[in-house]
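A short worksheet on the structure shown next.
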Amino acid sequence: MKKILLLGLALVTTATTASAQTTLTGAGASFPYPLYSKMFDEYKKANGVSVNYQSVGSGAGQKQILERTVDFAGSDTAMSDAQMKDAPGKLLHIPTAIGAVVPSYNLPGVTATLKFDGPTLANIYLGKIKTWNDPAIAKLNAGVTLPPLPITVVRRSDGSGTTGVFTDYLSKVSSEWKTKVGSATSVSWPIGTGAKGNDGVAGVVKSTPGALGYVELVYAKQNKLTFGTMKNRAGKFIVADNVPASLAANGVVIPADTRVSLTNSANADAYPIASFTYVIFYQDQKYANRTEAQAQALQKLLNWMVTSGQQFNEPLDYAKLPEGVAKKAQTIINTMTYGGKKL
Amino acid sequence: MIEPVKRPAVNSSLSSASDRVFEYIILALASIIVLVFLLSLYQLGKESWPALQKFGLSFFTNREWNPVTSNFGAISMITGTLITSLAALAISVPLAIASALFVAEYAPKWLADPVGYLIELLAAVPSVVYGLFALFVIAKGLSHWQQSFFTSPEKIATYTHCKSLWDAGTTSFQCFFVPISFDGRGLALAIIILTIMILPYTASVARDVIRLVPADQREAMYALGATKWEVISKAILPYARAGIMGGVILALGRALGETLAVAMVIGDSQDSIKSIFSGASTMASVIANQFGDAQEQIHRSSVVTLGFTLFFLSVLVNYIARIIIARLTPKGIQ
Amino acid sequence: MSAATKAMTSSRETTLSPVRKTTNAVMGGLILLATVVVVLPLILIFLYLLREGFASMFNLDFSKGFAGAFQNANLNFFTHVPAPEGEKGGGMLNAILGTLEMLALASVIGVGVGVAGGIFLAEYPKHPLMPTIRMISDVLGGIPAIVMGLVAYGLMVLTMGHFSGLAGALALGFLMIPIVVRTAEEVLKLVPQTVREAGLALGLPKWLVIMKIVLPAAAGGIITGIMLSLARVAGEAAPLLFTAFGNNQVSTDPLKPMSALPLEIFRGATSAYDENQRLAKAGALLLIAMIFVTSLLARRFSRLK
C-alpha cells in the first residue's frame, strides 16, 4: 500500500515539473469544431503550441469563460450585453469564420433535394407538422413523392450556438415561434429527440429514417447526410455553401465589436441561416494565475486564426472572413492587455 | 478486544503515547470521510439555495423547464427517474433472484463458478460501454422494429388513432406501446439498458445471501419429502428475504443515479410521457446534459438542485436498505 | 446438498403428486431460462466488443477478406492523439495516459483515506465516532458518481480557476473511499483476535501490532479491495465531465485538463463520425480489458492470501 502511495506521489511531482511548455485551453461551440481541430493541429505543427479545444457547446463555452476556467471560448452566437454584465472583466469577441446551418434529413427512397422555408421548419419544430407527406412540405416540393413517415425531430440537448442561430432565424420568420419558444442557446423545445453537439444531432439523423435535424454544413457533408435547400428572404431557394453563406454578411453593417446576427439576410443570393462563429476572451489577460507568456501565446494564436489560419476555412466548407471583418478582428485582438499593459 | 492484564512497565508510557498519536492519525484520516460528506452537503446546499429560494417546493411539482423564461420545475425528470428505475427494478429482480438460485442451488460447481463470475463481470462493465452497446446495437434493433410498424395498413391506422390522442395530450393503454418515432431511443431503451445494468447487483447480493442459508434449513425440508422448488420457496427464499430486499434497494439506488448510459439513450425530452418509446429525461441525465452550460445562476442552481435531490434520495434509499436488512434478517446470518 | 439428501429426494420422487412434480420441473426450467437471460447480455456485449473493438483497435478491415484485412493495420490507437474532426488515423494516447494518471492520483486519496477508515472501523470498535463514520462511509458509497462530479467541480475547478486532471482524480478518489473502507474493514476483522493478543502480549504497542502484524496479515484482502475499487472507478465518465474535462493533446500535467478513456468513449459513441465511433469501440474494448484483468488479478490476490 505504501508503495502505491509513493508511486502516486512520485507521479504527481514528475508530472508537474515535466510540462512547462505553453498550452492553451478553449471550450465551446461544436459548430466550428471540425475547423478548429484542423487549425489547432496545423498550428501545433507550425508553432509547437498545443491548443486543447473541447467541443462542449457554445452555452458551455460562454459559461466557462464567465467562470474563467478556460483561456478562450468558442460560440456561434455573440454574448448579449446582459450576459456580459456578469463577467468579471471586459469580454471581447472576434469572428473566425462564417458557417451555415442546414436542415439535414434521412429519407430513404427520396432522391430529390427537398426544399424548405422558414415557416415550415418552424411548424415542424413546433410539432404542428408531423409527417413528411404533410401538405405544407408537399407544396414546397411539387413532383416529389413524399412517404407518410412521421418526422423524427432532432435537436440539441446542450446549450448550443447552433441552436441560438437556428432559433434566431425561426423567431425572425415565425411570430408563433418567437412568442412560444423564443431564441437562445438553450430553449424549452416543444418536441424532439435531444442529442449532444452538432455531432450528436448528425449521428441521430444518420441512424434514423424519417429524422430531421439542424447541423452546421460541414457535419452534414462529412457524414454524407442529405440536406435541404432553404428559401431566403428574397424567395430564392439556396443550397448552403461557402459563397451564399458569406453573402449573408454582405450589406450587413458589422459593428466595431463584430457582434451581429447574419440570419435571414436581405441579400438576394444569401443563405438565410448563416452565422459568424466567434472566439470570446478577456481583454485584460491577467486573471487567475495566468502568465504573460500565456497571454502572448493566446494573442498570437488569435491573430493567426484570422489571418493565415483562414486558408483552412474553405476546404472545410466554412466561408472565409470578409477582408474588412478580418481587419476589425485584428484591431480587437490588438487591444488585449496584461495587467493593464498592452501586449 | 482483550487487553493484556499487565504490560512490561518500561514500555507502557512509551507505547501509550505512540498509540495515542497513531489513533489520532487514523482518526484524522478516517474523518476525511465525514469531511467529504459534509463538504458535498455544503457545496450542493449552497449552489441549490437560489433555486430553492425562488421556486420553493413548487420546484418539485412544476412541469416547465424553460431556460429562456428562467422557469424551472423538476417533476418531469423526477417522474422519468422513478419510471426508468422502478421499471428496470421490476424486470430485473425476478431474473436476478432466479439466476442467484441457479448458481447457489441448481448448478454443479463447474458451472456455478463461471456463471457467478460472469455475473460479477457484468457489474464491472462501465456505464459508457453499456451506453455504446445500447446505441450501436439495441437502438438499431428497436429502430428496425419501429420502422416495420409502419408497413401494414392496420398498424398505420393504429398510429393515426394514437397520434390524435397524443396531440390532445392524452394516451391510452394500447397507444402507450405504439412507437412515436424511429430513432430507437427513449424510455424503452433506457429501461432495457438500466435493467441489464442493475441485474448483477441484485443477483450477486442474492446469491451471497442464499449461500448463507444454513444447510440444515434445507436438509430438514428435504427430509420431509419436499421437492427442490418447495425447499426453495418455503425454506430458502423466506430465510434470505431480508438480504435480497437489501440488495434490491441498493440496486434501486444505483438505478436512480445512473447517468451516462441513460443520458446517451433517453432522448432528453421534458415533455409528458405519452408512449414507452417517447423521449424522457432523468435527473442525472439532465445534470450531465445541462450543468456544463447552464449560465444563468438560476438555471445552474436548478440543475444543482436536481443533484441535491439525487443526493438525498440516495442517502434515503441507503438508509432504508440498512434498516430493512437489520430488521428482517433472521438471527444467525447477520 | 449432501449425497444423502439427494438420495432421499430421488427415492421420494415416485410418491410425489403430479402437480408438485410439474411445479418443480417448471420452476427449475424457468430458473435456468432466467439465468440464460441474465448472462446473455454480457456474452453479447463481450462478443460485440471483441469483434468490433479488435478490428477498430488495429485498423483492420475484414470486408476485404482475411488477407486484405491487415493491409492498413497499425498501432495508431496506442500511439496517436485524435486526428482533426473528419480525418482518419487518430488514436487515444491522450485518453489512455490520462486514465492511468488519474487512477494513480485517485488511489492516493482512495487508498490513504480508505485503508485508514477501515483500520479505524475494525480496530477501534469502541470509539464513540465509530458508528457515525461507518454510516457516513456507507452512505457515501451510494451517492451517484455524477453528484460527486458536481462536488469536485465546486471544490477544485472553481477554486483553482481551471479544469484539471487533479479535480477528476479527486472525484474518482472520493468514489473509491467507501469501497476500500468496506473491504479493508471486513478483511481486518477476519484476522484472528489471537494474533493481536499475541502481539500485545509481546509488549508491542497497539499501533505496531496493527501496522506490523494485522495489516500484513490482511494485505491480500486489502489489495483485492483496492483493485476492485480501481476497476469500478476506471469506467466512470460522469464525474469527469465537469472536472477533468478532456484534452485532445497528450498532457501529463495534473493541473491541466486531462482526457480519459470513458470520456472519449462517451463522445465517440454519440458522434456521427465513423472515425470517432471506431475509436470509441476500440477504447471500450481496451477499458473493459483493463477492468476485467484488474478484477481477475484481484480474485487471484484474495485466493493467495
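Convention: sequence-line order gives letters A, B, ...; per-chain numbering from 1.
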Intermediate values then yes/no, side chain to side chain contact (heavy atoms under 4.5 Å, CB included), B:F22 and C:M211
CA-CA 10 Å; B:F22 181 76; C:M211 293 305 283; 3.8 Å; yes
Go through the steps for B:R322 and C:D138 under the test side chain to side chain contact (heavy atoms under 4.5 Å, CB included), then give the verdict.
CA-CA 9 Å; B:R322 287 161 56 85; C:D138 274 359; 2.5 Å; yes
B:L27 vs C:H127, test: side chain to side chain contact (heavy atoms under 4.5 Å, CB included). Steps then yes/no.
CA-CA 10 Å; B:L27 182 61; C:H127 197 284; 3.8 Å; yes
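Only the side chain of C:V181 comes within less than 4.5 Å of a heavy atom in chain B; its backbone stays farther off. For B:I287, the parts sitting under 4.5 Å from any heavy atom of chain C are the backbone and the side chain alike. Within the 4.5 angstrom heavy-atom criterion, only side-chain atoms of C:L158, from C-beta onward, approach chain B. Of the two parts of C:L155, the backbone and the side chain both hold a non-hydrogen atom closer than 4.5 Å to a non-hydrogen atom of chain B. Heavy atoms closer than 4.5 Å to chain C are found nowhere in B:R185, neither backbone nor side chain. Interface residue C:V39: only side-chain heavy atoms are found under 4.5 Å from chain B. Looking at C:L44, both its backbone and its side chain come within 4.5 Å of chain B, counting heavy atoms on both sides. Looking at B:L132, both its backbone and its side chain come within 4.5 Å of chain C, counting heavy atoms on both sides. Contact annotation for C:R232: only side-chain heavy atoms (C-beta onward) come within less than 4.5 Å of a heavy atom of chain B. Only the side chain of C:L287 comes within less than 4.5 Å of a heavy atom in chain B; its backbone stays farther off. Only the side chain of B:L199 comes within contact range of chain C, judged by heavy atoms closer than 4.5 Å. Residue C:F266 touches chain B through both its backbone and its side chain, counting heavy-atom pairs closer than 4.5 Å. Heavy atoms closer than 4.5 Å to chain C are found in both the backbone and the side chain of B:F102. Of the atoms belonging to C:I177, it is side-chain heavy atoms, and not backbone ones, that fall under 4.5 Å from chain B. Proximity to chain C (any heavy atom under 4.5 Å) is shown, for B:S40, by both the backbone and the side chain. Contacts of C:I210 with chain B are made by side-chain atoms alone, with heavy-atom separations under 4.5 Å and no backbone atom involved. Interface remark: B:A215 contributes no atoms to any contact with chain C (heavy atom separation under 4.5 Å). At a 4.5 Å heavy-atom cutoff, B:V103 makes no contact with chain C through either its backbone or its side chain. Of the two parts of C:F292, the backbone and the side chain both hold a non-hydrogen atom closer than 4.5 Å to a non-hydrogen atom of chain B. With a threshold of 4.5 angstrom between heavy atoms, B:Y106 approaches chain C through side-chain atoms but not through N, CA, C or O.
Listed here is the closest heavy atom pair of C:G235 and B:V128: O-CG2, 4.0 Å. Looking at every heavy atom in both residues, B:I196 comes nearest to C:P41 through CG2-CB, 3.7 Å. Taking both residues in full, the closest heavy atoms of B:S18 and C:W207 are given as OG-NE1, 2.8 Å, listed atom of the first, atom of the second, then distance. Listed here is the closest heavy atom pair of B:A98 and C:A34: CB-CB, 3.3 Å.
Residues of residues 278-285 of chain C having a heavy atom under 4.5 Å from any heavy atom of chain B, listed by number: C:A280, C:K281, C:A284. Taking 4.5 Å as the heavy-atom cut-off, the residues of residues 116-126 of chain B that approach chain C are B:Y117, B:L118, B:I119, B:E120, B:L121, B:L122, B:A124, B:V125, B:P126, ordered by number.
Considering only heavy-atom pairs separated by less than 4.5 Å from chain C, the leading option among B:L135, B:V231, B:N318 is B:N318. Most heavy-atom pairs under 4.5 Å with chain B, from the set C:I291, C:V37, C:I143: that is C:I143. Annotation: maximal heavy-atom pairing with chain B below 4.5 Å, among C:Q277, C:M135, C:M148, occurs at C:Q277. Here B:I33 is the residue among B:L29, B:V129, B:I33 with the most heavy-atom pairs under 4.5 Å with chain C. Of the residues considered (C:T270, C:I45, C:V147, C:L121), C:I45 shows the highest number of contacts with chain B, using heavy-atom pairs under 4.5 Å. Between chain C and the residues B:S92, B:P94, B:S99, B:G257, the most heavy-atom pairs under 4.5 angstrom are made by B:S99. The most heavy-atom pairs under 4.5 Å with chain C, out of B:M264, B:E23, B:E47, come from B:E23. Of the listed residues (C:L150, C:T294, C:T132), the greatest number of heavy-atom pairs within a distance under 4.5 Å of chain B belongs to C:L150.
Ring geometry for B:F291 versus C:Y153: interplanar angle over 60°, hence perpendicular rather than tilted (30 to 60°).
Within a 6.0 Å radius of OH in C:Y48, more than 12 heavy atoms belonging to other residues, nucleotides or ligands are found.
C:K189 pairs by the salt bridge (charged side-chain N to carboxylate O under 4.0 Å, His left out) definition with C:E185, not counting sequence neighbours.
Going from atom CD1 of C:I31 over to atom CD1 of B:I97 covers 10.0 Å, rounded to the nearest 0.5 Å.
Here the side chains of B:L260 and C:L241 are in contact, with some heavy-atom distance below 4.5 Å.
A donor-acceptor pair shorter than 3.5 Å cannot be found between the side chains of C:T23 and B:W229.
The backbone N or O of C:K206 sits less than 3.5 Å from a side-chain atom of B:D19, completing a donor-acceptor pair.
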I'd like a table of donor-acceptor pairs (distance under 3.5 Å, sequence neighbours excluded) in which one partner is a side-chain atom from residues 304-313 of chain B, with atom names and distances.
from, atom 1, to, atom 2, distance (Å)
B:T305, OG1, B:S301, O, 2.6
B:T309, OG1, B:T305, O, 2.6

